[in-house]
Amino acid sequence: MLENTSETSHVFAAVLARVQAALEALVADESLPAGIDRSRVLVEPPRDASHGDLATNAAMVLAKEAGQKPRDLAEAIAEKLRADAWVLRVDIAGPGFINLTLRPAVWREALQAAIAAGSDYARGTAAGSPVNVEYVSANPTGPMHVGHCRGAVFGDALANLLAFAGRPVTREYYINDAGAQVDVLARSAFLRYREALGQDIGPIPEGLYPGDYLVPVGRALAEACGPSLLDKAEAEWLPEVRRIAIDMMMAMIRDDLAALNVRHDEFFSERSLIEGDGDQVGATIATLRAEGKVYQGRLPPPKGAPPEDWEDREQTLFRSTGFGDDIDRPLEKSDGSYTYFASDIAYHKNKVARGFLDLIDVWGADHGGYIKRMQAAVKAVSDGKAALDVKIVQLVKLLRAGQPVKMSKRAGDFVTLREVVDEVGKDAVRFMMLYRKNDAVLDFDLAKVIEQSRDNPVFYVQYGHARAQSVFRNAKAVVPELPTDAAARAALLAAVPLDRLDDPGEIALMRAVAQFPRLIEAAAAAHEPHRVAFYLYELASDFHAQYTRGGKDSPHLRFIIQDDPQLTLARLALVQGVSSVLSVGLGLLGVEAPDEMR
RNA sequence: GCGCUCGUAGCUCAGCUGGAUAGAGCAUCAGACUUCGAAUCUGAGGGUCGGGAGUUCGAAUCUCUCCGAGCGCGCCA
């Protein structure tokens, strides 16, 4: 047994601390200058496993400031590290890498820590500051289509990841219920209302939403109001019709999101900024004006493509150039109403006022040109105290057997999110959306996801988890005392001696499990949930490989050894660790971890 | 014209915030099932990291400049 078991729940952090301790010892020896900057010292897995378990760049990073050659410094550090109880071997390689091989007992204890922690393994405990993640925010004018899908899944997984990493997270949806588009929605719904009352409405006029999804809205209006709205002027019926239509659209959108396993804590109404308690948009502009960040002025017309109806006029401008933007931005339209940007500033100020200094927005690629001005606005309304990270999710190209699927919202024949989820399942949709960096374009081929499901990474990872459960089911023949209940099984396996886990493949698998906390930290810090998906794929791959190694060539490597319950228990502990991490990781992605694939 | 994002194996993509000989999957070729699930595994071939220059011990990663693709450029959201 090693002297400190709590450290082993995060081996990489613990080894970094040990390297830092070695460096401090060198400072005490006056082999290194006092106050040397050690912040860039890292401990990471080496590219090639033959180099050892872990590598540190300490010697290379510190060499210049220490005034020593990297390899000489490496030797001095190595000398200290060789005295460490965890360290089995230290090698110096290449330009000054220090490669560490740990005693296998460290990895075994790391595995035990992982099993004992269960679903809390790798969970961050440090009390981080609250973070607000805004995603989806689709206009409430119709059902969600596949274009919304990626942002929804990405934002949801990112929020899961941040929460798991220890941050208090609020998941938010901004309802764009104040612009011209919701008035169009109201007029479109009114048409369906007349239809529901038996009037012949003919073809849907140009400029209104033609989709059938408004038929039930018309019926609901007819039931609620009877014919009472027919004689009224538009100005009289529109606000009420709009309110009801938006409510029904949002109910539909929530259903769609639920089908994708996406949830929000807060649905924030844009209209509430203007009609709630006071005009927050006006107040925000007034404050900024008082601070000299808003002024009356003129803008030059855009270069290259000047709009036909360009009219040079004095207008209300936000001084975004003072905060890193390229040009100042208008806050009021020519008719005196606020621009979308103006209410968005007020909205983000509202977030800051609610205590969020860390804001994340998930936007579609077509809003990329909007990032600088919004970040400028967040700085301006928070006196530079709040920061906004905008994550852009790129286009999803929906294909069927290589052929693009046409999507036109105007024609009313767009592919809805619900159709895709019903066709391929939420697990496949979610994993495919996350098995790619958010800012890379994604080809999503419906035919491939179904037909080639055997080659689909989501099934590969899920199969890893299912296979592990299968091993547990079969193991009862050798270890009858193995509990069926997962928690009880984990409790038993966390206490099993692991000394006999010494196969290189087994050690590799333990290392992979031990890397999970480090992966979570990095993925959360970078706001990159796709890293979790790739890690899980690799972990599943290591597991499948070890499983197959126990084939006919090496039956002694099977997890279940008929006449050796002790060894079987040790290996079941390994399976438990892998299974547990797969389950937790898939949970973060919002994907099921099934017990069987049949 | 300006701005943002991207360019890595035939195809689809990773590359852990600057590290070692650039990695997976698909496809191709050659192998592994009477026993823990073959939805799996083992191996082989496949590269001017779009081109060029720079920064330093070290660059796919940072800077500049070209080439190419996508998105955006008051009074849409």
Query raised in the report: Closer to the 5' end of RNA chain B via nearest nucleotide, is it A:Asn57 or A:Asp326?
Result: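 Closest to the 5' end, via its nearest nucleotide, is A:Asp326.
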Requested in this report: By nearest nucleotide on RNA chain B, pick out whichever of A:Gly369 and A:Phe97 is the more 5' one.
Outcome: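 Whichever sits nearer the 5' end wins; that is A:Phe97.
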Query raised in the report: Quick one: is the NZ or CZ of A:Arg467 closer than 6.0 Å to the six-membered ring centre of A:Phe543, and within 45° of its axis?
Result: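 No cation-pi geometry.
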Query - Lys/Arg cation over aromatic A:Phe12: A:Arg518, 6.0 Å, 45° cone - result: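 That pair qualifies as a cation-pi contact.
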What is the nucleic acid contact for [X], judged by heavy atoms within less than 4.0 Å: base, sugar-phosphate only, or nothing?
X	answer
A:Asp177	nothing
A:Ala180	sugar-phosphate
A:Lys69	nothing
A:Ala545	sugar-phosphate
A:Glu311	base
A:Gly550	base

With [atom1] as the reference atom in both, quote the distance from [N] to [M] in angstrom, rounded to an integer.
N	M	atom1	value
B:rG7	B:rC41	P	28 Å
B:rA22	B:rU8	C1'	8 Å
B:rA59	B:rG50	P	15 Å
B:rG15	B:rA24	C1'	10 Å
B:rC66	B:rC73	P	24 Å
B:rU42	B:rA53	C1'	45 Å
B:rG19	B:rU61	P	11 Å
B:rC57	B:rU12	P	39 Å

Requested in this report: Send over the distance from A:Tyr370 OH to B:rC71 C1', rounded to a whole Å.
Outcome: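 Going from OH in A:Tyr370 over to C1' in B:rC71 covers 16 Å.
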Query raised in the report: So does A:Ser334 reach the base of B:rC75 with its side chain, donor to acceptor, closer than 3.5 Å?
Result: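 In this structure, the two groups form a donor-acceptor pair.
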Close N or O pairs between protein and nucleotides 12-18 of chain B (under 3.5 Å):
unit_1	atom_1	unit_2	atom_2	d
B:rU12	O2'	A:Arg436	NH1	3.0
B:rC13	OP1	A:Val441	O	2.8
B:rC13	O5'	A:Arg436	NH1	3.1
B:rA14	OP1	A:Lys437	N	2.6
B:rG15	OP1	A:His530	NE2	2.9
B:rC16	O2'	A:Arg531	NH1	3.4
B:rC16	O2	A:Arg518	NH1	3.0

Query raised in the report: In a check of ring-ring contact (aromatic ring centres under 6.0 Å, His included) between A:Tyr347 and each of A:Tyr340, A:Tyr338, A:Phe268, which one passes?
Result: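 Going through the options one by one, the only one that passes is A:Phe268.
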Query raised in the report: Is the ring centre of A:Trp310 under 5.5 Å from the base ring centre of B:rG74, and are the two planes under 30° apart, so that they stack?
Result: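 Given the distance and angle limits, yes, they stack.
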Query - Stacking check A:Tyr547 vs B:rC41 (5.5 Å / 30 deg) - result: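 It does not: the ring fails the test against the base of B:rC41.
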Query raised in the report: Going by a 90° cut-off around 0, is B:rU17 syn or anti?
Result: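 What B:rU17 shows is a syn base, its glycosidic angle lying within 90° of 0.
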Report task. Mind telling me if B:rC33 is syn or anti? Syn here is a glycosidic angle within 90° of 0. Result ->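 Because its glycosidic torsion lies within 90° of 0, B:rC33 adopts the syn conformation.
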Query raised in the report: Got a salt bridge between A:Lys351 and A:Glu134, using NZ or NE/NH1/NH2 to carboxylate O under 4.0 Å?
Result: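 The answer is yes: the pair qualifies as a salt bridge.
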Query raised in the report: OP1 or OP2 of B:rG37 sitting under 4.0 Å from any side-chain N/O of A:Arg473?
Result: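 So the side-chain polar atoms of A:Arg473 never come under 4.0 Å of the phosphate oxygens OP1 or OP2 of B:rG37.
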Query raised in the report: B:rC57 phosphate, OP1 or OP2: any side-chain N/O from A:Lys64 under 4.0 angstrom?
Result: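 A:Lys64 to B:rC57 OP1/OP2: side-chain N or O found under 4.0 Å.
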